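The model shown is predicted, which means the values in this text are computed figures rather than measured ones. Computed over heavy atoms, backbone and side chain alike; hydrogens, waters and symmetry mates excluded. Note that ligands are numbered from 1 as they come in the structure, with each ligand's atoms numbered from 1 the same way.
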Amino acid sequence: MDKSKRGWWRRAVIYQVYPKSFMDSDGDGLGDLGGIIGKLDYLAQLGIDGIWLSPVYASPQEDNGYDISDYRAIWPPFGTMEDMERLISEARRRGISIIMDMVLNHTSREHRWFKEALRGRDNPYHDYYVWRDGVPGTPPNDMRACFGGSAWEYVPELGQYYFHQFAVGQPDLNWDNPRVREELYDMIRFWVEKGVEGFRLDVIDSIAKEPDRKITARGQNLHRYIRELSANAFREEGLVTVGEAWSADVEEAKEYSSPDGRELSMIFQFEHNFADCVGGDKWRLDRLSLPKLKGILERWQRGLHGCGWNSLFWNNHDMPRIVSRWGDEGRYRVESAKMLATALHGLQGTPYIFEGEEIGMTNIRLPIEEYEDIETRNLYRERVAAGESPEAVMESVYARSRDNARTPMQWTSGPNAGFTAGTPWFKVNPNYTEINAEAALRDPDSVFHYYRRLIALRKEYEVIAEGDFTLLCPEDERVFAYVRGVPGERLLVVCNFTPETVEWSAPEEFEGARTLISNYPSRAGTLRPYEAEMMLL
Ligand code: GLC
């Protein structure tokens with residue numbers, strides 16, 4: 001793939017590595033850069049084009065690295081800057097780009113800028129953060145932090161509150177200060193010079209916050225700042241940029257991902273991720289309404305076709321495992337993992353695979369004390385204190401905790417799933433004896449090899465990368481079916497989202513169409529449990 005050309009990512013598939021949980025090369029129980037380098041051949045075999053690397057920077061790890069204390073240094077347990085340079089060049093040698101996760105909305109409170117800021121109101125770094133005068137016990141307003149509690153933290157020495165949208169240890173940067181913006185652009189150029197070929201921009205829709213108006217996402221300067229960021233830091237042709245934008249709707253996504261390249265290549269939006277949530281509360285899951293999910297995907301597919309670009313994902317480090325959520329962890333684990341992959345990889349956009357998804361890893365259930373995630377722990381504490389029963393809160397945790405995604409990668413059926421020779425930093429899912437990469441590589445019918453084939457198909461067929469989208473049977477509660485088309489090629493994708501056999505017949509024009517991929521060895525005339533197929537005309 002020629003990555004010097006703008007838009008190379010239109011046929012690319014990106015793989016997310018959560019470094020702490022991917023592979024430990026030195027026996028300290030934590031994944032590290034050496035571990036990733038050692039698995040590059042595995043990733044090359046899968047056929048991915050880029051690695052989105054969750055943060056590896058120096059950090060006190062209050063939020064697993066999303067609290068950065070030095071943007072230009074590697075967290076020592078992950079390795080050194082030399083290791084990072086080696087990862088970039090070894091990946092590139094295999095045609096894999098490194099896409100760094102950039103947290104530009106906030107730093108850690110351990111960052112030098114924040115420590116300087118604490119020294120006094122006259123310190124030049126003070127205005128790098130968002131402060132309001134106040135007295136103890138009366139924060140400037142009632143805004144809440146995403147991880148619980150007030151969004152304001154009092155600093156007695158200054159007689160001021162600082163603003164934090166996430167944890168107390170993650171003070172928000174003040175993007176209205178031009179020096180902050182310049183520092184960040186400069187730092188990004190540092191990584192581009194090292195050979196990094198893209199960036200995932202953490203909560204980018206929050207940078208233009210206006211706390212006095214209680215605005216976090218979509219502040220009035222948001223797109224002005226993103227354009228300035230893009231012009232100053234992403235000038236390099238061929239860089240791929242993906243902004244995390246929880247607040248985006250289709251209209252706004254056109255602006256973010258406009259093909260003129262003024263802003264970003266694409267965004268992560270999460271509307272589909274709420275298709276099974278009660279009242280938009282991600283902690284209250286209901287049964288998935290397939291018509292609702294299909295409607296959302298259709299709106300995004302059609303909305304951005306020709307005028308923007310979608311990212312495609314079921315999973316990341318903040319979400320539960322898709323097989324456990326919309327598939328079947330038990331008898332049909334393999335079929336349902338492949339079906340979900342088909343449903344997503346037939347769409348237009350850039351697919352993202354989260355580590356372990358390609359072998360069909362599942363959620364985990366632990367006693368509350370064993371959860372590591374700050375969001376999960378705070379949520380449990382807050383909801384139980386508010387009078388909810390611990391059992392009910394645990395049901396939410398099992399279904400939704402971010403730690404479902406963060407258990408160590410399951411490489412082998414050996415001790416600790418082959419993830420570490422030491423004591424793993426976080427519980428390994430006990431099902432590793434059955435679900436692991438070694439077994440998947442050996443089995444030609446595994447979820448892994450299915451993903452590998454899906455990735456190859458996107459490169460081969462114009463219709464998968466560029467085709468338009470027509471949803472079939474929108475009201476059907478069991479089947480997700482759609483047609484993609486470019487002149488001369490038509491693709492039908494059919495997915496049974498249930499463990500039942502469903503009567504369904506393809507539109508006549510597809511009679512006699514060629515199967516590109518399917519999770520059952522031959523056609524039956526009905527759709528068997530979790531059956532999926534892509535057919536080409
Ligand atoms: C994003 C990250 C998440 C992190 C948060 C704060 O949502 O994906 O893991 O906790 O931002 O940086």
- Task: Any chance you could measure Glu388, atom CD, to Glu382, atom CD, to the nearest 0.5 Å?
- Result: 10.5 Å
- Message: Just so I know, are the side chains of Trp9 and Lys3 near enough to count as touching, which here means a heavy-atom distance under 4.5 Å?
- Response: no
- Item | Set of residues satisfying side-chain contact (heavy atoms from CB on, under 4.5 Å) with respect to Ser396, sequence neighbours excluded | Trp283
- Lys/Arg cation over aromatic Tyr161: Arg132, 6.0 Å, 45° cone: no
For ligand 1, output the ligand-protein N/O contacts shorter than 3.5 angstrom; if there are none, return none.
residue  : atom   : partner : partner atom : Å
ligand 1 : 7 (O)  : Glu244  : OE1          : 3.2
ligand 1 : 7 (O)  : Glu244  : OE2          : 2.9
ligand 1 : 8 (O)  : Arg200  : NH2          : 3.1
ligand 1 : 8 (O)  : His317  : NE2          : 2.9
ligand 1 : 8 (O)  : Asp318  : OD2          : 2.5
ligand 1 : 9 (O)  : His317  : NE2          : 2.9
ligand 1 : 9 (O)  : Asp318  : OD1          : 2.8
ligand 1 : 9 (O)  : Asp318  : OD2          : 3.4
ligand 1 : 9 (O)  : Arg402  : NH1          : 3.3
ligand 1 : 10 (O) : Asp63   : OD1          : 3.3
ligand 1 : 10 (O) : Asp63   : OD2          : 2.5
ligand 1 : 10 (O) : Arg402  : NH1          : 3.0
ligand 1 : 11 (O) : Asp202  : OD1          : 2.9
ligand 1 : 11 (O) : Asp202  : OD2          : 3.1
ligand 1 : 12 (O) : His106  : NE2          : 2.9
ligand 1 : 12 (O) : Asp202  : OD2          : 2.8

- Establish, for the pair Lys39 and Trp411, whether the NZ or CZ atom is under 6.0 angstrom from the six-membered ring centre and no further than 45 degrees off its axis. yes
- Task: Using ring pair (Phe, Tyr, Trp, His ring centres under 6.0 Å) as the criterion, point out the one residue from Tyr352, Phe268, Trp52 that pairs with Phe313.
- Result: Phe268
